[in-house]
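When a ligand or atom number is given, it counts from 1 through the structure's own listing order. No hydrogens, no waters, no symmetry mates; every other heavy atom, side chains included, goes into these values. The structure displayed is predicted, hence computed values, not measured ones. The residues of the chain are indexed from 1 along the displayed sequence.
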Amino acid sequence: MTVAMTTKVAEKITNNLAEIRQQLQILSEESPHQQSVKLLAVSKKHSLEAIKAAIAAGQMHFGENYVQEAVAKITQLKEQTTDPVQWHFIGPVQSNKTKDIAQHFDWVQSVEREKIARRLNEQRPDDSQQLNLLLQVNIDDDDNKSGLAPEQVEALAEYVMNCPKLKLRGLMTILKAGTTEDEREKSFQQMYKLYQQLQQTYGEQIDTLSMGMSGDMRQAVLEGANMVRIGTAIFGERES
Ligand SMILES: *Cc1c(COP(=O)(O)O)cnc(C)c1O
């Protein structure tokens, strides 16, 4: 990329971030839950340069789906900057990838099996802080997607609570594509209920409900999301 082009891309990212932050501010005031909302920038398939532009604009939480791609970026960035960036793994977790995830990430949002939790706990390096964990819930029973059924949440939560290197923080969901506004509302509301139940059981450490992407951010926040995961609206379309 030429320098001029890089600058233009960086400007676009800066502007997009500013706009989304403003929207989130308005939405959280509009929301009956009055929650503040964290923005996770989903940088999968986007370059290190794009990530650096977002960091320069104050963005510190990034989400990645592919272990190899993510580890390369995380490692390079650590060599180049000292910014306190937090990395969230949000893709399906294969058991042969847990070691890399446990070593390089700060959060895993897509845990849905005891076996994965056990491996992450065993493989988290001793000198690292606890790995923050969200349980992924398949709230609308989508065959194409991973995630726990709602009635399985309690058992896995209890398991994670007993893992010393893991810190349970809450729940994550991805909704089925092509649903109506009413269906989404129902799913988000069910997630909020599950989240509240988890808070009742485990108290203040449960502080994160991750739902809403570029297409359904507004509705998710109005139903109580306090973390949204936004890729396209920040970085533009991904090449597949
Ligand atoms: C890719 C991805 C996102 C971001 O999606 P956009 O539509 O680009 O905002 C959010 N969450 C998960 C789990 C993803 O895989």
Quick one: are the ring centres of F62 and W87 less than 6.0 Å apart? yes
task: Using distance alone, with no hydrogens and no angle criterion, decide if Q68 and K97 have a side-chain donor and acceptor under 3.5 Å apart.
output: no
closest protein heavy atom to atom 9 (O) of ligand 1 is S214 OG, 2.5 Å
- Query: Any side-chain donor-acceptor pair under 3.5 Å between T75 and E79?
  - Reply: no
Per-atom filter on ligand 1: closer than 4.0 angstrom to a heavy atom of N65 are 14 (C), 15 (O)
> Any side-chain heavy atom of V108 sitting closer than 4.5 Å to one from I90?
Replying inline: no
In terms of its nearest heavy atom to atom 13 (C) of ligand 1, the top option of V228, I174, I234, I230 is I174
closest protein heavy atom to atom 10 (C) of ligand 1 is M213 SD, 3.4 Å
Atom 12 (C) of ligand 1 has as its nearest protein heavy atom I90 CD1, 3.6 Å
- prompt: Between H33 and Y192, is the ring centre distance below 6.0 Å?
  reply: yes
Within the 4.0 Å heavy-atom cut-off, what R238 brings close to ligand 1 is side chain
Residue, atom and distance of the protein heavy atom nearest atom 2 (C) of ligand 1 read K44 NZ, 2.5 Å
Quick note, side chain to side chain donor-acceptor pair (under 3.5 Å) partners involving residues 215-231, not counting sequence neighbours, are E30-R218, R184-Q219, Q189-E223, Y195-N226, S210-R229
G231 heavy atoms within 4.0 Å reach ligand 1 at atoms 4 (C), 6 (P), 8 (O), 9 (O)
Among non-hydrogen protein atoms, atom 11 (N) of ligand 1 lies closest to R229 NE, 2.8 Å
The protein heavy atom nearest to atom 8 (O) of ligand 1 is T232 OG1, 2.6 Å
Hey, is K73 close enough to E64 for a salt bridge, meaning N to O under 4.0 Å? yes
